[in-house]
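Written below as structure tokens is the structure these notes are about.
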Amino acid sequence: MSFDLAARLAARRKEHLYRQRPLLQSPQGPQVVVDGQPLLAFCNNDYLGLANHPQVIEAWRAGASRWGVGGGASHLVIGHSTPHHALEEALADFTGRPRALLFSTGYMANLGVVTALAGQGDTVLQDRLNHASLLDAGLLSGARFNRYLHNDAASLAKRLEKATGNTLVVTDGVFSMDGDLADLPALAREARAKDAWLMVDDAHGFGTLGVNGGGIVEHFGLGLEDVPVLVGTLGKAFGTAGAFVAGSEELIESLIQFARPYIYTTSQPPAQACATLKSLELLRTEHWRREHLNTLIRQFRRGAEQIGLELMDSFTPIQPIMVGDSGRAIRVSQMLRERGLMVTAIRPPTVPAGTARLRVTLSAAHSKAQVQLLLNALDECLHLTGQEPDHA
Ligand SMILES: *Cc1c(COP(=O)(O)O)cnc(C)c1O
């Protein structure tokens, strides 16, 4: 017997689900070179334009000179160095939580937290549109795992009635494929009423939401009692890499003891933590980045409405345009590319069947003129692919 990979790959191609990796041949930013072609990109998560910022690069360089390039060991052995510790303290201060813990990636942070908190006999309840890393974590935990209707506190309440053991309610802050916000006040109310804990993964909210970039909890003004477990990632608005969990002293100490993806991995390079310390400083102090980003978001939505595109309920930098059919989503994405623009088509299984979309992401590094170019090209390409977009 052998694995019939050729057949699996062929089937995937036939369903228009085949994935390819574009080769980025420039630093991240609005103007990139991909597969030899200069493009104006609207698909990265570098929401504040910090991934290629001179001061962040310099902080990384200086960090490498001072601390070397490798973490060298896991945190519990001898890999927990001064820059990691300083970054954790800065992130605790930023989030207004007693402590924060650094992870190497957001995927690992989510696996680590859910599996450390919940196990057999416990219950994990998740929004059905949560990020894949959260859903994977729920399955891996061995707890009773149930998904409630998207952003629906009543649906959550029903499942909470039947929950056994310790109960963890888990939601994205900003939903990564739709751009909408979790109704955290309502979810927190339901969770607290049943002594469940609410865990929020705010990968896309930190840096973009809240007056100081404090994310969805700042946006709604929610504290530790409402959101005992707060996860952020550093590869998006922070422009670097890694992730953190913020919460109580007991939560962080428990993760250090029990979170296997924290324990059994090498710490991130200390120089990377130095770079993130700088990007955190820029994120907190340079309010103009968020303000400009919000201007672009309003410009895009207004323009898209005028040309009759089907937008989603989002005021975040994630602005998907619903297309429906995977084949058409790919065609539009290819046509945009022929015109020098890069917008990713997102297809199942990343999103539910029949909801393929173009996922536009905006960044403070974009200009108004670039957003207008995008709108013009979308207008042309969506009309050329036959189906008229809905005129609302
Ligand atoms: C990107 C993302 C992650 C994964 O974070 P990485 O650091 O890229 O592994 C987790 N959750 C959400 C909601 C994300 O968007």
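The first residue in the sequence is number 1, and the count goes up from there. As the structure lists them, so they are numbered: ligands from 1, and atoms in each ligand from 1. Both backbone and side-chain heavy atoms feed into the values below; hydrogens, waters and symmetry mates do not.
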Decide if atom CZ of Arg19 counts as having more than 12 heavy atoms of other residues, nucleotides or ligands within a radius under 6.0 Å.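 Check passes, neighbour count above 12.
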
Whether over 12 other heavy atoms sit under 6.0 Å from Leu9 CG: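 Check passes, neighbour count above 12.
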
On a heavy-atom basis, I'd like to know which of Asn130, Leu134, Asp201, Asn110 is closest to atom 11 (N) of ligand 1. Asp201

Can you pull out the closest protein heavy atom to atom 7 (O) of ligand 1? Residue, atom name and distance to 0.1 Å, please.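 Sorting protein heavy atoms by distance from atom 7 (O) of ligand 1 puts Gly106 N, 2.7 Å first.
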
Taking the six-membered ring for Trp, are the ring centroids of Tyr107 and His131 within less than 6.0 Å of each other? no

Ring centroids only, cut at 6.0 angstrom: are Phe206 and Phe244 within range, meaning strictly under it?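 Here the rings of Phe244 and Phe206 have centres that are less than 6.0 Å from each other.
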
Taking distance alone, with N or O pairs closer than 3.5 Å, would you say Lys236 contacts ligand 1? yes

Ligand 1 to Tyr107 polar contact by distance, N or O atoms, under 3.5 Å: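 N/O-N/O distance under 3.5 Å: yes.
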
State if Ser133 counts as touching ligand 1 under the rule of any non-hydrogen atom under 4.0 Å.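 Heavy atoms of Ser133 do come under 4.0 Å of ligand 1.
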
So Asn130 and Asp201, do their side chains get closer than 4.5 Å, heavy atoms only? no

Have a look at ligand 1 and work out which part of Ala203, if any, has a heavy atom under 4.0 Å from it: side chain, backbone, both or neither.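 Answer for Ala203: side chain.
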
Element-labelled atoms of ligand 1 that are located less than 4.0 Å from some non-hydrogen atom of Thr233: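 Within the 4.0 Å cut-off of Thr233, ligand 1 contributes 5 (O).
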
Which of the atoms in ligand 1, numbered in the order shown and given with their element, are less than 4.0 Å from a heavy-atom of His204?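 By the 4.0 Å cutoff, the relevant atoms are 14 (C), 15 (O).
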
Looking at Gly36, is its backbone amide N or carbonyl O close enough to the side chain of Gln25 to form a donor-acceptor pair, meaning the two atoms are under 3.5 Å apart?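 Yes: the side chain of Gln25 pairs with the backbone of Gly36.
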
